[in-house]
S.K.: 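Structure provided below as structure tokens; questions to follow.
Every number for a ligand or one of its atoms is a count from 1 in the order of the listing.
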Amino acid sequence: MTVNFQQLAVTGVQSLQPYQPGKPIDELARELGLNEADIVKLASNENPLGPSPKALAAAQAALTDMTLYPDGAGFVLKKALCDKLGIQPQQIVLGNGSSDILDFITRVFVNDGDNVVTSQHAFAIYGLVAKMVGAECINVPAKNFGHDLDAMAAAINDRTRIVFVTNPNNPTGTWLKKDELVAFLNKVPAQVLVLLDEAYFEYVQEADYPDGIQLLPQYPNLIIARTFSKAYGLAALRVGYSVSSPELADLMNRVRPPFNVNSVALAAAAAALADDDYVARSVAENTAGMQQLTNAFAAMNLSYIPSVGNFIAFKVPAGVKAMDVYNQLLGKGVIVRPVGNYEMPDYLRVSIGTAAENTAFIHALQAVLS
Ligand SMILES: *Cc1c(COP(=O)(O)O)cnc(C)c1O
């Protein structure tokens, strides 16, 4: 008898579409017969500067102890986070990337038949983790590509357990001002959690951009998620964290696998956190690169969504298919990100690279569109 394992999978998993990551450099190099050094990857919002020298040294030193299990409590990293952020260790949950946090919070609070609320064009992982536990993900239509917070508050019903808010949002780069966010938090029922995803927090320069951690004392239902994958330049090591009330952190720590963050990652993240100079250089490079790309888009008459992150979504010209542009860019060794699965079929998202990478992308795009 043949077994249909499809039918044995839990209901949510049966209809799940796996997350589509950016194309890896070595994969494209194999396909094109190119050297990896000739490929420009601007597809996953990684830090183009390479790692902080301090983080790299800490990671190398930590390798010596690789026969030992990591510190499951992450004492050193939590201490560094507390010193930096003015919080208590009991408020922190460490994740193998902040994607881990999104999974924990959902598994702790969302039952089969419940729902979570998020925005159209928001990060795909929210829908994935919700469906995994058999919940519905309500995607509220966006306003000018950003979150429509009034509509999101109105979409909350008695089965809603979590609202996912991304500030700034990926892949659109749109952001929420402090007064908008506070007005929204005031409307959310006390028993509905708000997961505020601040993956790009360090990049944002706007004066009225809110720091979610400052809002925690007033909103016990609020959880802030941050990551070392973007401005801190440690995407490969997989480290993220949440900050919340100790009560919520305790619940999430119950489902966290005991050694989910490895020792190399713990050491590198603590060192990266202390390297303010690296983050400042990363932000300055990003600001310059953003200007370089928006100037080029304007010169090419391409419309784009103004972004405060380290990426920007631009629209392909009428009559041109975004996937064709994506594929032709690949042929020239430039990897960007299609966002059709984010209901943006006419857009491509490009991460801000170094000046040289941005130039390579602009030249390739000009050639493809000419
Ligand atoms: C990149 C990103 C993350 C972080 O992912 P990690 O698992 O920490 O690498 C989280 N949320 C959003 C919106 C992102 O774009």
Side-chain angles (χ1 to χ4, degrees), residues 18-22 24 41-48 51 55 74 77 81 92-106 116 118-130 132 137 139 142 145-147 162-176 181 194-204 209 212 223-243 252 256-257 260-262 264-266 268-269 272-273 282 286 305 307-313 336-339 341-342 344 347 349-352:
Y19 180 73
Q20 294 174 7
K41 184 187 180 208
L42 299 173
S44 301
N45 305 342
E46 293 132 329
N47 191 322
L77 177 55
L81 285 167
I92 302 173
V93 180
L94 297 179
N96 192 274
S98 58
S99 314
D100 229 9
I101 301 292
L102 307 175
D103 178 41
F104 298 159
I105 182 75
T106 308
V116 305
T118 190
S119 174
Q120 182 190 19
H121 316 305
F123 194 40
I125 302 281
Y126 311 140
L128 264 179
V129 292
M132 218 146 58
C137 182
N139 278 309
F145 289 100
H147 291 13
I162 307 173
V163 185
F164 290 99
V165 174
T166 327
N167 197 26
N169 186 51
N170 169 23
T172 57
T174 52
W175 63 287
L176 302 162
L181 182 65
V194 176
L195 186 295
L196 181 60
D197 186 337
E198 295 184 335
Y200 301 93
F201 177 82
E202 297 80 11
Y203 283 111
V204 186
Y209 173 71
I223 301 166
I224 312 302
R226 290 191 188 166
T227 182
F228 285 91
S229 298
K230 308 287 162 55
Y232 285 104
L234 299 178
L237 292 184
R238 317 300 306 125
V239 205
Y241 60 96
S242 63
V243 187
M252 287 193 281
R256 183 181 65 86
N260 65 324
V261 186
N262 70 72
V264 177
L266 288 170
L273 206 58
S282 303
N286 188 62
I305 306 170
S307 166
V308 297
N310 66 338
F311 55 86
I312 184 164
V336 297
R337 190 68 160 267
V339 282
N341 57 337
Y342 287 90
M344 295 166 64
Y347 283 79
R349 189 195 71 191
V350 57
S351 306
I352 310 302

S.K.: In ligand 1, which numbered atoms sit nearer than 4.0 Å to a non-hydrogen atom of Thr166?
M.R.: 13 (C)
S.K.: Using modelled atom types and a 3.5 Å cut-off, is there a donor and acceptor pairing between side-chain atoms of Tyr209 and backbone atoms of Asn167?
M.R.: yes
S.K.: Do Asn45 and ligand 1 have an N or O pair less than 3.5 Å apart?
M.R.: no
S.K.: Give the atom numbers and elements of ligand 1 that come within less than 4.0 Å of a heavy atom of Arg238.
M.R.: 6 (P), 7 (O), 9 (O)
S.K.: Is it true that the side chains of Asn170 and Arg349 contain a donor and an acceptor less than 3.5 Å apart?
M.R.: yes
S.K.: Are any of the N/O atoms on Ser99, whether in the backbone or the side chain, positioned under 3.5 angstrom from an N/O atom of ligand 1?
M.R.: yes
S.K.: Please list, in number order, the atoms of ligand 1 under 4.0 Å from a heavy atom of Ala199.
M.R.: 2 (C), 3 (C), 10 (C), 11 (N), 12 (C), 14 (C)
S.K.: State the atoms of ligand 1, each with its element, that fall below the 4.0 Å cut-off from a heavy-atom position in Lys230.
M.R.: 1 (C), 2 (C), 3 (C), 4 (C), 14 (C), 15 (O)
S.K.: Check for a donor-acceptor pair, side chain of Ser307 on one end and backbone N or O of Gly309 on the other, with a separation under 3.5 Å.
M.R.: yes
S.K.: If the plane angle is over 60° it's perpendicular, under 30° parallel, otherwise tilted; pick one for Tyr126 and Phe123.
M.R.: perpendicular
S.K.: Could you tell me whether some N/O pair between Asn96 and ligand 1 is separated by less than 3.5 angstrom?
M.R.: no
S.K.: Check ligand 1 against Ser229 and write out every atom of the ligand that is under 4.0 Å from a heavy-atom position of the residue.
M.R.: 6 (P), 8 (O), 9 (O)
S.K.: Flag the pair Tyr347 / Phe145 as yes when their ring centroid distance falls below 6.0 Å, and as no otherwise.
M.R.: yes
S.K.: Between atom CD of Glu202 and atom CG of Asn47, what is the distance when rounded to the nearest 0.5 Å?
M.R.: 10.5 Å
S.K.: Scan Val116, Val194, Leu196 and name whichever one has a side chain to side chain contact (heavy atoms under 4.5 Å, CB included) with Phe164.
M.R.: Val116
S.K.: Under 4.0 Å, heavy atoms only, figure out whether ligand 1 is touched by the backbone of Tyr200, its side chain, both or neither.
M.R.: side chain
S.K.: What atoms in ligand 1 come closer than 4.0 Å to a heavy atom of Gly97?
M.R.: 6 (P), 7 (O), 8 (O)
S.K.: Pull out every atom of ligand 1 sitting under 4.0 Å from any heavy atom of Asn170, numbered as shown with elements.
M.R.: 13 (C), 14 (C), 15 (O)
S.K.: List the closest protein heavy-atom neighbour of atom 11 (N) of ligand 1: residue, atom name, distance to the nearest 0.1 Å.
M.R.: Asp197 OD2, 2.7 Å
S.K.: Calculate, to the nearest 0.5 Å, the distance between atoms CG and OG belonging to Leu195 and Ser242 respectively.
M.R.: 8.0 Å
S.K.: For Phe201, is the NZ or CZ atom of Arg226 found under 6.0 angstrom from the centre of its six-membered ring and inside 45 degrees of the ring axis?
M.R.: yes
S.K.: Can you tell which of Gly309, Gly95, Ser98 gets a heavy atom nearest to atom 4 (C) of ligand 1?
M.R.: Ser98
